[in-house]
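Note on naming: letters A, B, ... go to the chains in the order of the sequence lines (proteins, then strands), and numbering restarts at 1 for each one.
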Amino acid sequence: MNRVVLVRRGASVEARECGDDGRVVGTARLPAEELAGFVRAREPGRVRWVWDDTTRWYPGLLDAGVRVERCTDLRLTHAVLRRSPFVDQSLLTDDETPGWDALQPVSATEAALFPLDDPADRLDPVGEHRRQRVALAAAEERSRLDLLLAAESSGALAAAEMTHAGLPWRADVHERLLTELLGPRPTAGRRPAVLEGLLAEIRRALRVPELNPDSPGELLRALHAAGLPVPDTRSWTLERLDHPGIPALLEYKRLSRLLQANGWNWLDTWVRDGRFRPWFLPGGVVTGRWASSGGGALSVPVQVRPAAVADQGWRFVVADVAQLEPRVLAGMSGDTAMAEAARSADLYEGMVAAGAVAGRADAKVGMLGAMYGGTRGESGRMMPRLARRYPRAIGLVEEAARAGERGELVHTLLGRGSPPPAGEWAARPVDLGEPADEELPREVRDRHRRSWGRFTRNFVVQGTGAEWALCWLADLRNRLWRLGSGTVAERPHLVFFLHDEVVVHTPGHLAAEVADEVRHAAAAAGRLLFGSFPVDFPLDVSVVRSWAEAG
DNA sequence: GAAGGAAGCGCC
DNA sequence: AAAGGGCGCTTCCTTC
């Protein structure tokens, strides 16, 4: 594989050819405006482009109509290697390391505002690349780390392409939906008519003429005065109350939430030219999940999904994995009994069929408890049964929890390490007797320990689930490219990704092939992570005009 | 008036 | 006896 490190030098770019060990074997220098043509010309020769950070290079290439198949995003791979327990840190670190640790992605607006003072320009990508290659060559579990770094970098390409293409969004459909639910758009600072009506009803029922239900403090006092001794004003707390004002209050909360989070202001801010373009942030969560920025992309409510409509003659292919995390747990722990349950399209039904639990609800609440650390009530009662039937799977998460409680680090299947615990509790070994003065009381320390144990318990499963999803996404991205011709947005392409769900925008006549490729990519991801271990990842796949029709 | 925390709620 | 993971966003409310 040819590796070419791209380096910014003022108005020009250096392209430095490297061997697998990161040593430079050749250099070309070109004016920045010739970069897109250079990359386009070299791309067919199976190049891995190496750059400091995908958000600083790839949006410009995409705007110029250039797509690349593979890259190394040094910012992201640095972050993984720095925390991986498979890596000898002394091979990786250098005077520049704090600069790489601190490097942040940019959005296009920032890049336009501050083109001249970028901390990335004070870092040397060639040196960092060489250090990473040396550290990787000496790492334990080299092939797992290789896979993780490749998948992480591919994710960065997919993220940039999704923002570039945008999720098709019909503002007219969205506006009609808002008007039906809330009434016509009010002038700035006024409530929509439907909310005003509900407000009057709430004030009447609670006998507080000036009540502002958007203020939790005010609302709580009003509820108490009405003889409703609630501890908070959350919807699920209020649902259990029997009082004439409550239905209107719950409806007010539901509609008010829609208005605030995804109302007309959201449309004005985030939808342009028929596209919703959030920023996806690969590696933005410590577990390896993506974060997002702008428009709340990771929590687009079901309520407004009817407005996501494929272009004329195009379709969405929407796919999600059923019970990703329990399946991943079965695979990473090598628990054949749980993998057997996972053979079923519904893993929880598979557990019922095996006689492990009485009903689907028990299976679900038990597994969620095992993965999140819920031990109270129903899910706690299920744990002994599950531990007997699935000793390896349950043992793996229990061990991760105990390690976290001891202040130790855990890691995912491919080698992403958990962050070190912070805080005073972590500075002390477990059994030092009673604390001295000015130290945390024992019960406070223990609470922190258990809380961190729940985090590390979940880290190994959530993080390995994120690795499966990244491999799925990376493989799918390349399969989609091969289905069409032209630029990214002219072929079937990804427009949305959320933990265990993808949305592909595709010309209608290719939709069936896209659905096949989505399934093939999922099977390939399973083999990449778990080899021949027999754990299935069945998908729900829908071909639809609107996102809301999926599922 | 800016900044930051808490409450609350949406997604997985 | 108590013990449920990860996010982003908007509003309210306190602090400086």
Side-chain angles (χ1 to χ4, degrees), chain A residues 189 191 212-220 230-239 249-250 252-263 265-266 269-270 278-305 320-326 328-329 364-383 397 400-401 404-405 410 412 418-419 443-444 446-466 468-469 496-503 547 551:
Chain A
R191 287 187 178 87
N212 171 17
D214 297 327
S215 163
E218 250 185 71
L219 181 56
L220 195 62
V230 285
D232 57 61
T233 64
R234 295 187 180 100
S235 292
W236 71 267
T237 304
L238 304 181
E239 269 165 20
L249 180 54
L250 289 171
Y252 178 93
K253 277 174 163 282
R254 200 174 68 82
L255 292 176
S256 170
R257 166 80 196 179
L258 170 66
L259 172 68
Q260 287 165 3
N262 297 94
N265 289 342
W266 182 90
T269 310
W270 297 111
W279 298 98
F280 293 93
L281 305 173
V285 180
V286 286
T287 58
R289 275 188 176 180
W290 289 14
S292 76
S293 163
L298 271 46
S299 52
V300 177
V302 174
Q303 236 175 349
V304 300
R305 291 186 190 185
D320 72 309
V321 200
Q323 305 115 13
L324 172 61
E325 290 178 354
V328 160
L329 176 57
K364 181 173 181 176
V365 88
M367 285 308 296
L368 289 177
M371 294 183 299
Y372 291 164
T375 49
R376 195 168 49 163
E378 290 301 320
S379 85
R381 275 199 285 285
M382 299 307 302
M383 285 301 285
V397 286
E405 289 171 3
V410 297
T412 60
S418 63
E443 57 283 7
V444 176
D446 289 348
R447 201 166 61 234
H448 284 283
R449 280 187 200 292
R450 286 193 298 270
S451 169
W452 194 254
R454 287 191 297 277
F455 167 69
T456 52
R457 170 197 294 270
N458 186 250
F459 181 95
V460 295
V461 181
Q462 186 184 121
T464 307
W468 182 92
F496 197 80
F497 169 58
L498 180 57
H499 309 323
D500 60 4
E501 176 178 5
V502 296
V503 180
W547 192 8

(request) Check every strand shown and say whether A:Arg254 touches a base, only sugar-phosphate, or nothing at a heavy-atom separation below 4.0 Å. (result) nothing

(message) Measure CG/A:Leu255 against C1'/C:dT10 and give the value in whole Å, please.
(response) 16 Å

(message) Side-chain N or O of A:Lys253 versus OP1/OP2 of B:dC9: is the shortest distance under 4.0 Å?
(response) yes

(request) Could you tell me the separation between the CG atom of A:Asp214 and the C1' atom of B:dC9, rounded to a whole number of Å? (result) 13 Å

(message) Using a 4.0 Å heavy-atom cut-off, does A:Val300 contact any base of the nucleic acid, only the sugar-phosphate backbone, or nothing at all?
(response) sugar-phosphate

(request) Spell out, as yes or no, whether a donor-acceptor pair under 3.5 Å connects the side chain of A:Glu218 to the backbone of A:Asn212. (result) yes

(message) Distance check needed: C:dG4 C1' versus A:Phe459 CZ, whole Å only.
(response) 18 Å

(request) For A:Arg234, enumerate each residue passing the side chain to side chain donor-acceptor pair (under 3.5 Å) test, keeping only those at least two apart in sequence or located in another chain. (result) A:Asp232

(request) Please determine, for B:dA7, whether a Watson-Crick or G-U wobble partner exists with both distances under 3.5 Å, and give it or none. (result) C:dT10

(request) Quickly work out the A:Leu250 CG to B:dG10 P distance and round it to whole Å. (result) 11 Å

(request) Return the value, rounded to whole Å, for the distance between atom CH2 of A:Trp468 and atom C1' of B:dC12. (result) 14 Å

(message) My understanding is that a pair needs two contacts under 3.5 Å, Watson-Crick or G-U wobble. By that rule, which nucleotide pairs with C:dG4?
(response) none

(message) For a quick test of reading the model, state the closest non-hydrogen atom pair linking A:Ala400 to A:Thr456 and the distance between them.
(response) O-OG1, 2.8 Å

(request) Test side-chain contact (heavy atoms from CB on, under 4.5 Å) on A:Asn262 and A:Gln303 and set out the steps. (result) CA-CA 9 Å; A:Asn262 297 94; A:Gln303 236 175 349; over 6 Å; no

(message) Expressed as a whole number of angstroms, how long is the span from A:Phe497:CZ to B:dC11:P?
(response) 18 Å

(message) For the backbone of A:Ala401 and the side chain of A:Arg457, can you confirm whether one donor and one acceptor N or O come within less than 3.5 Å of each other?
(response) no

(message) If I take atom CG in residue A:Leu220 and atom P in nucleotide C:dC12, what distance separates them, rounded to the nearest angstrom?
(response) 16 Å

(message) Looking at every non-hydrogen atom in both residues, tell me the closest pair between A:Ala466 and A:Arg289 and how far apart they are.
(response) CB-N, 3.9 Å

When you compare the protein's N or O atoms with those of nucleotides 5-9 of chain C, which come within less than 3.5 Å of each other, and at what distance?
unit_1 : atom_1 : unit_2   : atom_2 : d
C:dG5  : OP1    : A:Arg454 : NE     : 2.9
C:dG5  : N2     : A:Arg289 : NH1    : 3.2
C:dG6  : O4'    : A:Gln462 : NE2    : 3.2
C:dG8  : N2     : A:Arg257 : NH2    : 3.4
C:dC9  : OP1    : A:Gly294 : N      : 2.5

(message) What is the separation between atom CD on A:Glu405 and atom P on C:dA3, rounded to the nearest whole Å?
(response) 15 Å

(message) Any base atoms under 4.0 Å from A:Asp232, or only sugar-phosphate, or nothing? Heavy atoms, all strands.
(response) sugar-phosphate

(request) Give a yes or no on whether a salt bridge exists between A:Arg257 and A:Asp214, defined as a side-chain N under 4.0 angstrom from a carboxylate O. (result) no

